[in-house]
There are 2 protein chains.
Amino acid sequence: METAAFPEEVLSIGPVEIRPHGGLVTLNQRTLTLSVREFTLLVEIARRAGRIVSRAELYTLVWGAPLRAGDRSVDVYIHKLRVKLEDGAPGWAFIHTHVGFGYRFAPEPSHPFHNTATSR
Amino acid sequence: METAAFPEEVLSIGPVEIRPHGGLVTLNQRTLTLSVREFTLLVEIARRAGRIVSRAELYTLVWGAPLRAGDRSVDVYIHKLRVKLEDGAPGWAFIHTHVGFGYRFAPEPSHPFHNTATSR
DNA sequence: ACGGCTTCTTCACAGGTCGTTCACGGCGAG
DNA sequence: CTCGCCGTGAACGACCTGTGAAGAAGCCGT
């Protein structure tokens, strides 16, 4: 339609599709609901898909301030994103941890050895 | 660019059918009675179906002026629309809230089973 | 002009969601 | 074993949205 006003940027990676300017994320065609923080974090790490991004960099990108020692916000939000993403696309791994370095966004089918029974 | 949208423009989404130039809305073949504001708001958000539209944008589109801080008019009318729409088509969800972003028009059957996205 | 009814705004309160911070527990390296 | 790093669930106050109601304003037929 007569939208025309924004550079319709679209990040399409694996089953994920992100519209940074539309606030929308779809997983397997299904739109998922993210909070503002979750969305911003996803956008930033997804824009750097394939590379390891440090917590400090992610924090600066999303929170707009330098990461303070002991702050675990990034970890908490990475976890929230993992839950929503993996919940919407079972069998896929999206965000990988690199101990001591940071996180890396790279949607990949997870290994088939995983027991389907999600007990806890 | 489809300049002149002739008077026969019809928005048909799910069980809803809207004639922006006819002032008519039908839900499951039955016609709905909406006030001018309700109708205009529905037309604007429906024209952007599937996308998240911010309150500011909706206000500008419908009220023709910039949204003032603290104004809840959009919320109130979204509520009125939801009541009428869901009342005329039980089991369907039409307007979805995206906290911090705005509203998204997308008629979907509200799954009674298999919980989903409603929560964070 | 006048009453009666509908529509539009604005409030106020209730209920939900979000962002931040703790706390506890598992893991792997040294 | 001890320590540092990360995963995860929960607590809480701040903020955001849902909703019923009160009043003012606008419309209409008479």
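In this text the structure is predicted, and so the values were computed from the model without any measurement. So you know, we letter chains A, B, ... as the sequences are listed, proteins then strands, and number each from 1.
- Rounded to whole Å, the distance from CZ on A/Arg55 to C1' on D/dG4 is 12 Å.
- Atom-to-atom, CZ of B/Arg72 to C1' of C/dC8 comes out at 16 Å; the value is rounded to the nearest Å.
- Under 4.0 angstrom from either OP1 or OP2 of C/dT20 there lies at least one side-chain N or O belonging to A/Trp63.
- The shortest distance between the side-chain N/O atoms of B/Ser35 and the OP1/OP2 oxygens of C/dC8 is below 4.0 Å.
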Q: Walk me through it: do A/Thr31 and B/Arg51 pass the test side-chain hydrogen bond (donor to acceptor under 3.5 Å, both in side chains)?
A: CA-CA 10 Å; A/Thr31 109; B/Arg51 280 185 280 158; over 6 Å; no
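- The distance from atom CZ of B/Phe39 to atom C1' of C/dT7 is 16 Å, rounded to the nearest whole Å.
- Residue whose closest nucleotide on DNA chain D sits further toward the 5' end, between B/Phe101 and B/Lys80: B/Phe101.
- The side-chain heavy atoms of B/Phe105 and B/Ile13, taken from C-beta on, include a pair separated by under 4.5 Å.
- A/Ile95 has its CD1 atom 14 Å from the P atom of D/dC6, to the nearest Å.
- The residue among B/Val99 and B/Val83 whose nearest nucleotide of DNA chain D is located toward the 5' end is B/Val99.
- Distance B/Leu81 CG to C/dT7 P: 13 Å, rounded to the nearest Å.
- By the rule that hydrophobic residues join a cluster once side-chain heavy atoms approach within less than 4.5 Å of another member, A/Leu42 and A/Trp63 end up as members of one cluster.
- Residue B/Arg37 places none of its side-chain N or O atoms closer than 4.0 Å to OP1 or OP2 of D/dA25.
- At the heavy-atom level, A/Arg82 lies under 4.0 Å from the strands shown only through sugar-phosphate atoms.
- Across the protein-nucleic acid pair, A/Asp75 atom CG and C/dC24 atom P stand 18 Å apart, rounded to whole Å.
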Q: Begin with the C-alpha distance, continue with both residues' side-chain angles, and end with the deciding distance and a verdict on salt bridge (charged side-chain N to carboxylate O under 4.0 Å, His left out) for B/Asp75 and B/Arg72.
A: CA-CA 5 Å; B/Asp75 301 66; B/Arg72 307 278 260 94; 3.3 Å; yes
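- Listed nucleotides C/dT20, C/dT17, C/dT10 differ in distance to B/Arg68; the shortest reach to its side chain belongs to C/dT10.
- For the pair A/Ile52 CD1 and D/dC5 P, the interatomic distance rounds to 16 Å; values are reported in whole Å.
- Regarding contacts with the backbone of D/dC16, every side-chain N or O of B/Thr97 stays at 4.0 angstrom or more from both OP1 and OP2.
- Backbone-only contact: B/Tyr103 has heavy atoms under 4.0 Å from sugar-phosphate atoms and none from a base.
- Which of D/dG7, C/dG19, C/dT10 sits closest to the side chain of B/Ser73 comes down to C/dT10.
- In this structure, A/Tyr59 and A/Ser73 approach most closely via the heavy-atom pair CE1-CB, 4.3 Å.
- Remark: P of C/dT20 and CD of A/Glu38 are 11 Å apart, rounded to the nearest angstrom.
- Toward the 5′ end of DNA chain C lies the nearest nucleotide of B/Leu34, the other residue of the pair B/Leu34 and B/Asp71 mapping further downstream.
- Side-chain contact between A/Arg55 and A/Leu58 is absent, with no heavy-atom pair separated by less than 4.5 Å.
- Candidate nucleotides C/dC22, C/dG19, D/dG7 were compared by shortest atom distance to the side chain of A/Val76, and C/dC22 ranks first.
- For the OP1/OP2 pair of D/dG18 and a distance below 4.0 Å, the side-chain nitrogens and oxygens of B/His79 include no atom meeting the criterion.
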